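Scroll down for the structure; my scribbles are underneath it.
Predicted model only: the values in this text are computed from it and were never measured. Sequence positions, counted from 1, serve as the residue numbers for this chain. Reckoned from all heavy atoms, side chains included, excluding hydrogens, waters and symmetry mates.
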Amino acid sequence: MAAEQKTAKGTGHLVRPYGDTTGDGMVQLSFTLPIAHSKAAEGAAAQLAHKMGMDPALVVHSKPMGDGFTFFVVYGRVNHLVDLSQVEVVERDYPLLTPKEVNAAVRRSLRRRLVVVGGCIGTDAHTVGIDAILNIKGFAGEKGLEYYRELKVVNLGAQVSVPDLVARAQAEGADAVLVSQVVTQRDAHLLNTREMSAAFREAYPADRRPVLIVGGPRFDETMADELGVDRVFSRGTTPAEVASYLVHRLAPGPGSSKPVGRIA
């Protein structure tokens, strides 16, 4: 699972944060403390920033955030360097296709429509993300997956229970399941994703399980294996990227060693 997710490393160049002048190490940090707004609260914020390695640390903004809470912005210098040779990211390891190319690949490889079931699971009612990918209106100037003639899209909307998601995927014969998670308090997005992954593995034989994809602004794209899914998409993902990935996994081109259809 997720074998196609590869990490890429940088060039080995060392870099330092830039604020006012090149290499000055200046950064801006914002956070909230459970303290009423006061001079003492600003002192507490500066103390926290110092303990985090900012020196000097200047509280440049503070604002009450309800009873007993204060929001701060702190500006200061850090001494840490970033070693780009140690940076790990998930690179896109498949070509970005046009809708015409996606349709042709699905028609050629599957000889039927590729079925996608999507929604927001748990108590998450934020459908902006899943709608941006699935709905025909799309996102960032790109039309959503409903626009692709060779894709059958079933958008279940918000607050879908995991059992209902599994049942609908089985009923539709889903090739892929897309889940969006925006609510992240107490790592709800991670807990829900692990629950979803476990439910699909219990409900399907390994060689018949749909490709599982999750996305949302707080996901780490390197966590696919840990979460038990095939791909994690983070903020800024476009419909074309998702459609191209579906072709990469489920409708590979001629000469590819990848199996056609659902894969574990």
Side-chain angles (χ1 to χ4, degrees), residues 2 5-93 122-124 126 128-129 132 139-140 179-194 214-229 231-238 241:
Q5 291 198 17
K6 299 177 180 179
T7 56
K9 294 190 175 182
T11 62
H13 182 57
L14 297 177
V15 298
R16 188 190 301 274
Y18 169 92
D20 299 316
T21 59
T22 302
D24 62 8
M26 300 298 286
V27 300
Q28 182 171 287
L29 174 69
S30 64
F31 53 87
T32 300
L33 290 178
I35 310 172
H37 185 241
S38 65
K39 283 290 186 179
E42 293 188 0
Q47 181 186 119
L48 175 62
H50 278 298
K51 289 183 176 181
M52 296 174 68
M54 295 178 67
D55 185 21
L58 304 174
V59 177
V60 296
H61 175 75
S62 62
K63 181 179 180 180
M65 296 289 289
D67 188 22
F69 292 86
T70 306
F71 172 78
F72 302 95
V73 176
V74 180
Y75 187 64
R77 179 181 294 109
V78 297
N79 295 315
H80 305 292
L81 299 174
V82 175
D83 185 352
L84 296 182
S85 69
Q86 301 302 313
V87 174
E88 294 189 352
V89 296
V90 176
E91 297 281 12
R92 176 166 57 81
D93 54 352
T123 60
D124 201 325
H126 299 76
V128 173
F139 168 70
V179 166
S180 173
Q181 291 281 265
V182 175
V183 174
T184 60
Q185 286 88 343
R186 299 182 181 180
D187 287 337
H189 60 309
L190 304 181
L191 298 174
N192 289 339
T193 299
R194 292 189 179 101
V214 297
R218 291 282 296 277
F219 278 106
D220 181 344
E221 292 180 317
T222 66
M223 292 182 67
D225 284 333
E226 180 182 339
L227 295 175
V229 299
R231 190 79 178 197
V232 175
F233 285 109
S234 190
R235 65 187 182 279
T237 299
T238 66
E241 290 178 279

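Every residue was checked against the salt bridge (charged side-chain N to carboxylate O under 4.0 Å, His left out) condition with Arg218, not counting sequence neighbours, and none meets it.
Atom CZ of residue Phe219 and atom OG of residue Ser180 lie 8.0 Å apart, to the nearest 0.5 angstrom. Expressed to the nearest 0.5 Å, how far CE of Met54 lies from CE of Met26 amounts to 7.0 Å. For the atom pair CZ (Arg16) and CG (Asn79), the distance works out to 6.5 Å, reported to the nearest 0.5 Å. The CG atom of Leu29 sits 13.0 Å away from the OH atom of Tyr75 when rounded to the nearest 0.5 Å. The CE atom of Met223 sits 7.0 Å away from the NE2 atom of His189 when rounded to the nearest 0.5 Å. The line from CD of Gln28 to CG of Leu58 is 11.5 Å long, rounded to the nearest 0.5 Å.
The two residues Gln181 and Asn192 have their closest heavy-atom pair at OE1-ND2, 2.8 Å. The two atoms that bring Pro17 and His80 nearest to each other are CD-O, 3.8 Å, heavy atoms only. Between Ala36 and Thr70 the shortest heavy-atom distance is C-OG1, 3.3 Å. When every heavy atom of Thr238 is checked against every heavy atom of Ala140, the shortest pair comes out as CG2-CB, 4.4 Å. When all heavy atoms of Gly19 and Asp24 are compared, the pair lying nearest together is N-OD1, 2.9 Å. Taking all atoms of both residues into account, the shortest heavy-atom contact from Phe71 to Ser30 is CZ-CB, 3.7 Å.
Classification of the Phe72-Phe31 ring pair by plane angle, with boundaries at 30° and 60°, yields tilted.
A salt bridge links Glu226 and Arg194; the closest N-O separation between the charged side-chain nitrogens and carboxylate oxygens is under 4.0 Å.
Within the structure, the side chain to side chain donor-acceptor pair (under 3.5 Å) test picks out the following pairs touching residues 36-46 (sequence neighbours left out): His37-Ser62, Glu42-Ser62.
Using a 4.5 Å heavy-atom threshold, the side chains of Val128 and Val182 count as separate. Within the 4.5 Å cutoff, the side chain of Asp220 has no heavy atoms near those of the Val232 side chain.
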